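Working notes, beginning with the structure itself.
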Amino acid sequence: MDEQYDPQRVEREAQEFWNATDAFKVTEDPSREKFYCLSMFPYPSGRLHMGHVRNYTIGDVISRYQRMLGKNVLQPMGWDAFGLPAENAAIQNNVPAAKWTYENIDYMKGQLQRMGFAYDWDRELATCKPDYYKGEQWLLTRMAEKGLMYKRLAEVNWDPVEQTVLANEQVDSEGRGWRSGALVERREIPHWFLKITDYAQELHDALDEMPGWPAEVLKMQRDWIGRSEGAEITFELADGSGPLNVYTTRADTLLGVTYMAVAATHPIALAAGESSPEIAAFIDECRRGGTSLAAIETMEKRGMPLGIHVVHPVTGEKVPVWVANFVLMGYGTGAVMAVPGHDSRDHAFATAYGLPIVQVIAPADGADVDIQAEAYVDYGVVVNSGEFDGLDSAAAKQRIAAWLAERDLGEEQVNFRLRDWGVSRQRYWGCPVPMITLDNGDSVPVPESDLPVVLPEDVAHVGHGSPLNGMPEFIETVSPLDGKPARRETDTLDTFAESSWYYARFACPDSEDMLDERAKYWLPVDQYVGGIEHAVLHLLYSRFWYRVMRDEGLVENDEPFTNLLTQGMVVSETYYRDDGKVRTWYAPRDVEIARDDRGKVVGARLKDDGEPVTVGRVEKMSKSKNNGVDPQDMVDRYGADTVRLYMMFTSPPDQKLEWSDSAVEGSSRYLKRLWRMVHDHVAAGAAPAVETANLSEPDTALRRLVHQTIAKVSDDVGRRYTFNTAIAAVMELTNAVARHDDSSDAGRGVRGEALEAIVAMLAPIVPHAAHVLWQALGRDEPVIDARWPVADESAMQSASMQLVLQVNGKLRGRVDVPADASREAVEAAALANDDVQRFVAGQAVKRVIVVPGKLVNVVV
RNA sequence: GCCGGAGUGGUGGAACUGGUAUACACACAGCACUCAAAAUGCUGCGGCGAAAGCCAUGCGAGUUCGAGUCUCGCCUCCGGCACCA
């Protein structure tokens, strides 16, 4: 081996070996335990960013560790290749979306390969290729046939100046379009929907049996699906023109209803608008702004009476109907009963518009509440509700629902917050929806023999909207029923459709069909790794899509991802200058930091002009804050292993990771040091095998630490996924080896055992360096196929242990006792201790608490 | 607004099941080596204090022999909110 660690050379050598031996190519092998490890595939945006590198390093470490356990490991990689940025690039730079995408894929693939990730590149896929989306289109036609895909009107963000549909991210917080700056309107257009709500109950219930997912993700999904038990209640319109149905989870508050609120696009509101210009104007106003729920819910709550009343189903009293901007047509029935006494939002609205507030629930403990000042939203006892008075909330819900059911005015009902998945996009760079519109307006699926419906890649972006609309050769087709002229759908699919099943396609990327038998071998994914930002949408859509595939017989289980690891963001410091109007952000590499004697940051200057810049917050790496660090620069300077080691060492995978150039330097230093230690060890000549019988005390101590470290690191890497603490433990062991200076045969033997353990444990994290060091230590097999070290219990034992002594819970001393000391002996040793006696000092000992193996607490 | 998460030295973080707060690093300071610098090695490093010791895990209460960890109430920041991926 070389005396100096040269990462560029080491990494080239290791990668050439892996390539030459097809080291990561896998096939189905029913005789071995399989392990499918998957990282969320990237959108090919142009260059790899640090978030990618972190995600893929975590996945790679897990994959390589599982391989060292002897499993048949699949780790594939592909490209989430459809999406908005390619279309924007096409419009702005006049480069075809396909060309832009494929060039980005080429470049980023090179970057991934340079990182040394153990991917089976033979399985690479890109979702924008017809051989990929053919299967997706086929499944959609099946869903259409089963009624799982349907068409209805839905609201979109409409830019009245650009005359185009905008994505939510293209609408700013004031509700204006990103390019035109015009106030966006909500407009209804026909949309394709997938009936995810058919699976709502199943998707909800299965969450209870997913121990491999983080609890917070399960919580978020449960809340998103939002199963609730309540009642649907009918309020008849006072003029007899029909019913107004609402859903409520608080039927116990029915007698507290003082007004009704309907969405601006509710038929009742629209009808009222036809005879009243004021109402029509208000409805128009309600349509301003984007469709995003966050925008709508943070708006000022506004409303207007429609001059219409309903009849209260119990009291028979007339209740006014209002139109309100916070009621959404897409949720439930588009109408709500308002109980200002017991709902905070209704209370705020009633207070603003002078509507009556009545109390119908009292606290169970009889406490007084001022219902006019604040809504009482907890459960309690029903009051002011006639025959229902005195019931508790739970009983009242049932009784009132039963009372309504007897009179055909309502019934108990389970509702879900989850809405059907709108998959239509009025955009070009996406998978065409495989549907045909007939003369009579009906839609039919494209016949299987005509799939895929290929998206033309050579198109002209002129004007607004999808270029497909200007392509008769794409649109014009014939009805599969009777051969008459018909029109192809020009909407494309939400890109979440492609990412809902790519993990299955990796099992059989060359299959003629959507999936084949190989999927049943590899699925489900054993370990999925990706950003927490996907906690709900992508992961929920995938769970739904997987069940649809299951119902088609394509896969065998219910859940696609057995274990989930959600990784945190990569953040870094920001620097800026304000000139009163514009804030200019400076890249960290262009800034020089000033520190005081303690190392505390006291200021920053721009290297260029030496003038001060303001130190901003630590934020997610982004173009807008100019605080991104290019992984390529880091790999060029330090090598991939150093970058990998740094990312795994600096924080646990599920927390944010703060980038620091100097800390990267530290990781590089560690690898150089380890390299030198192995070099010096090998240069001293072959060490004999360890004879454990007659080792000196320092040799025994080092062996004990070696095996304790193996046990800890195995647990950290295999169970806890706390790679940072695993690396810290390996560093401690490395420090101990450096201090161990026994040059006898036995000493060198023990040191050799320690170095082998260190290299094996680091192999998943710094695979290139480990590849070379492993050979240098005289091992024949490549380290990727080495067995993960196993801790020797007998080497971990120690004859004595140190206990912590406390008096009244405060640390006062320590004592060494034999490892097998009895409780009585430990107690006696503690009370006899000088430090303990000093603090007990004549006071009566009330209790002595002994925590075996840890501490003794004397309470006085 | 709703749902979820986080807050510990100068910095990233450790403390896994209520039991030694600050492991491992980075930064900083000092020393050695050097003509010098870099690299490397060694030492120190939460605050106050001469010491004994006291104080300290965002803020305020509580439970406990014992709380970074559990409970309640706040504050700040971050992620998601259905057309960014």
Side-chain angles (χ1 to χ4, degrees), chain A residues 40 42-43 45 80 83-85 156-157 165-171 215-217 219-220 222-224 226 290-299 301 326 330 344-345 418-427 494-496 499 531-538 540-541 566 568-569 571 593 595-602 617-620 649-652 654-660 662-667 669-670 672-673 676 715-716 719-720 722 724-725 727-732 735 802-811 814 846-849 851 854-855 857-860:
Chain A
M40 290 180 184
Y43 178 78
S45 53
D80 189 12
L84 205 48
V156 293
N157 302 306
V165 176
L166 297 181
N168 279 344
E169 87 157 357
Q170 297 171 316
V171 180
E216 67 263 30
V217 175
K219 267 189 208 153
M220 277 191 265
R222 196 170 283 120
D223 182 72
W224 187 266
T291 57
S292 93
L293 191 58
I296 291 165
E297 293 225 12
T298 48
M299 267 182 332
K301 309 289 181 279
F326 58 84
S344 301
R345 191 173 63 181
L418 182 68
R419 291 179 277 153
D420 279 339
W421 175 11
V423 291
S424 284
R425 298 291 179 270
Q426 293 70 42
R427 281 193 260 285
D494 180 1
T495 57
F496 275 125
S499 57
I532 183 69
E533 67 273 19
H534 295 292
V536 175
L537 290 179
H538 161 60
L540 187 62
Y541 291 146
T566 50
M569 289 180 313
V571 299
I593 307 293
R595 295 172 190 275
D596 66 11
D597 273 4
R598 287 206 162 119
K600 187 177 180 179
V601 174
V602 290
R617 277 206 301 253
V618 170
E619 298 201 57
K620 180 175 179 172
F649 176 56
T650 203
S651 20
D654 55 350
Q655 282 176 38
K656 72 171 170 44
L657 182 153
E658 188 171 331
W659 189 266
S660 150
S662 60
V664 175
E665 197 85 49
S667 293
R669 231 162 17 220
Y670 173 78
K672 285 183 196 160
R673 188 157 165 254
R676 219 164 31 239
D715 188 50
D716 283 354
R719 178 182 64 90
R720 296 176 68 205
T722 50
N724 55 329
T725 54
I727 294 166
V730 172
M731 285 178 172
E732 281 184 76
N735 292 341
Q802 190 176 62
L803 294 185
V804 165
L805 302 177
Q806 295 181 334
V807 177
N808 285 347
K810 278 192 195 289
L811 176 70
R814 290 160 212 275
K846 282 200 232 160
R847 266 172 86 184
V848 179
I849 292 154
V851 181
K854 287 231 163 113
L855 60 74
N857 186 16
V858 178
V859 185
V860 298

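To find a chain, count down the sequence lines: A is the first, B the second, and so on, and within it residues start at 1. All values derive from a computational prediction rather than experimental measurement.
Here, rG62(B) and rA56(B) have their P atoms 14 Å apart, quoted to the whole Å. Atom name C1', nucleotides rC59(B) and rG7(B): the rounded distance is 11 Å, in whole Å. rG18(B) and rA52(B) have their C1' atoms separated by 30 Å, with the value rounded to a whole Å. Taking atom C1' on both nucleotides, rG10(B) is separated from rA27(B) by 7 Å, rounded to a whole Å. Spacing of C1' atoms, rG68(B) relative to rA23(B), comes out at 15 Å, to the nearest Å. Nucleotides rC72(B) and rA6(B) place their P atoms 15 Å apart, quoted to the nearest Å. On the C1' atoms, rA29(B) is 28 Å away from rU20(B), given to the nearest whole Å. Taking atom C1' on both rA37(B) and rA32(B), the two are 15 Å apart, rounded to the nearest angstrom.
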Heavy-atom contacts, protein to nucleotides 39-45 of chain B, under 4.0 Å, summarised as B (base), S (sugar-phosphate only) or - (none) per nt, yield -SS----

In B/S/- notation, 5' to 3', how is nucleotides 15-24 of chain B contacted by protein heavy atoms closer than 4.0 Å? SB--BB--BB

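In this structure, the separation between CE on M731(A) and CZ on R673(A) is 9.0 Å, given to the nearest 0.5 Å. Distance check, rounded to the nearest 0.5 Å: NZ of K620(A) to NZ of K656(A) gives 14.0 Å. If you take CH2 on W224(A) and CG on L540(A), they are separated by 8.5 Å, rounding to the nearest 0.5 Å. One finds the OG1 atom of T566(A) at 8.5 Å from the CE atom of M40(A) (value rounded to the nearest 0.5 Å). I849(A) CD1 to K846(A) NZ: the interatomic distance, rounded to the nearest 0.5 Å, is 11.0 Å. Between atom OG of residue S662(A) and atom CZ of residue R669(A) there is a gap of 8.5 Å, rounded to the nearest 0.5 Å.
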Between protein and nucleic acid, restricted to nucleotides 78-80 of chain B and to nitrogen or oxygen atoms under 3.5 Å apart, what atom pairs and distances do you find?
from: rC78(B); atom 1: OP1; to: R617(A); atom 2: NH2; distance (Å): 3.4

Give me, pair by pair, the N or O atoms of the protein and of nucleotides 55-64 of chain B that are less than 3.5 Å apart, along with how far apart they are.
from: rC55(B); atom 1: OP2; to: K810(A); atom 2: NZ; distance (Å): 3.4

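Nearest heavy atoms, R427(A) versus V165(A): NH1-O, 3.9 Å. The minimum heavy-atom distance linking N808(A) with V860(A) is given by the pair OD1-N, 3.0 Å. Across all their heavy atoms, N157(A) and G290(A) have their closest contact at OD1-CA, 3.1 Å.
A663(A) comes within contact range of the sugar-phosphate backbone alone, with a heavy-atom separation under 4.0 Å but no base atom that close. Contact annotation for L418(A): base contact, defined as any heavy-atom pair under 4.0 Å involving a base atom. Residue contacts shown for A535(A) are absent, as no nucleic acid heavy atom lies under 4.0 Å away. Using a 4.0 Å heavy-atom criterion, one finds that S424(A) contacts the bases of the nucleic acid, with or without backbone contacts as well. Among the protein residues, V848(A) comes within range of no part of the nucleic acid, since none of its heavy atoms lies under 4.0 Å from any strand. Among the heavy atoms of the strands lying under 4.0 Å from T495(A) are primed sugar atoms or P, OP1, OP2 only; no base atom is included. Nucleic acid contact class of Y670(A) (heavy atoms, under 4.0 Å, all strands): none. Heavy atoms of V571(A) sit nowhere under 4.0 angstrom from any nucleic acid atom. Backbone-only engagement by G422(A) is indicated by non-hydrogen atom pairs under 4.0 Å involving sugar-phosphate atoms exclusively. Within the 4.0 angstrom heavy-atom criterion, only backbone atoms of the sugar-phosphate kind lie near P652(A); the bases stay farther away. Across all strands shown, E665(A) has no heavy atoms under 4.0 Å from either base or sugar-phosphate atoms.
For I296(A) and rC3(B), the CD1 to C1' distance is 17 Å, given to the nearest whole Å. Going from atom CH2 of W659(A) over to atom P of rG12(B) covers 16 Å, rounded to whole Å. For Y541(A) and rA85(B), the OH to P distance is 12 Å, given to the nearest whole Å. The nearest whole Å value for the distance from the CZ atom in R419(A) to the P atom in rC2(B) is 18 Å. Taking atom NZ on K600(A) and atom P on rG12(B), their separation rounds to 13 Å, with Å as the unit. Here the C1' atom of nucleotide rC2(B) and the NZ atom of K301(A) are 10 Å apart, to the nearest Å. As a whole-Å value, the separation of H538(A) NE2 from rC84(B) C1' is 15 Å. R222(A) places its CZ atom 13 Å from the C1' atom of rC3(B), with the value rounded to the nearest Å.
Look at R595(A) and you won't find any side-chain N or O under 4.0 angstrom from OP1 or OP2 of rA27(B). Here K656(A) does not reach the OP1 or OP2 of rC77(B): none of its side-chain N or O atoms lies under 4.0 Å away. Listed pair S660(A) / rC26(B) fails the phosphate criterion, with no side-chain N or O lying under 4.0 Å from OP1 or OP2. Within the 4.0 Å cut-off from OP1 or OP2 of rG66(B), not a single side-chain nitrogen or oxygen of N808(A) is found.
Looking at S499(A) and D80(A), their side chains never bring a donor and an acceptor atom within 3.5 Å of each other.
Side-chain atoms of D596(A) come within 3.5 Å of backbone atoms of G599(A) as a donor-acceptor pair (strictly under, hydrogens ignored). In this structure, the side chain of S660(A) engages the main chain of A663(A) through a donor-acceptor pair within 3.5 Å. In terms of modelled atom types and a separation under 3.5 Å, the side chain of Q655(A) and the main chain of P652(A) share no donor-acceptor contact.
With its glycosidic angle within 90° of 0, rG9(B) adopts the syn conformation.
A perpendicular orientation is assigned to the rings of H534(A) and F496(A), their planes being inclined by more than 60° (bins at 30° and 60°).
The salt bridge (charged side-chain N to carboxylate O under 4.0 Å, His left out) check on D420(A) picks up nothing, with sequence neighbours excluded.
The side-chain heavy atoms of E658(A) and T650(A), taken from C-beta on, include no pair separated by under 4.5 Å. Within the 4.5 Å cutoff, no side-chain heavy atoms of I727(A) are placed close to those of Y670(A). With a 4.5 Å cut-off on side-chain heavy atoms, R595(A) and V601(A) count as touching. Under the 4.5 Å side-chain criterion, counting only non-hydrogen atoms from C-beta, D654(A) is not in contact with I532(A).
Considering only side-chain atoms of N168(A), the nucleotide from rG5(B), rG12(B), rC84(B) that sits closest is rC84(B).
Looking at Q170(A), its side chain has no donor and acceptor atom pair within 3.5 Å of the base of rC83(B).
Judged by closest nucleotide on RNA chain B, E216(A) is the one of S667(A) and E216(A) placed further toward the 5' end.
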Its dot-bracket string being built from Watson-Crick and G-U pairs below 3.5 Å, with | for another strand and [ ] for crossing, RNA chain B has the pattern (((((((..(((......[....))).(((((.......))))).(((....)))..(((((..]....))))))))))))....

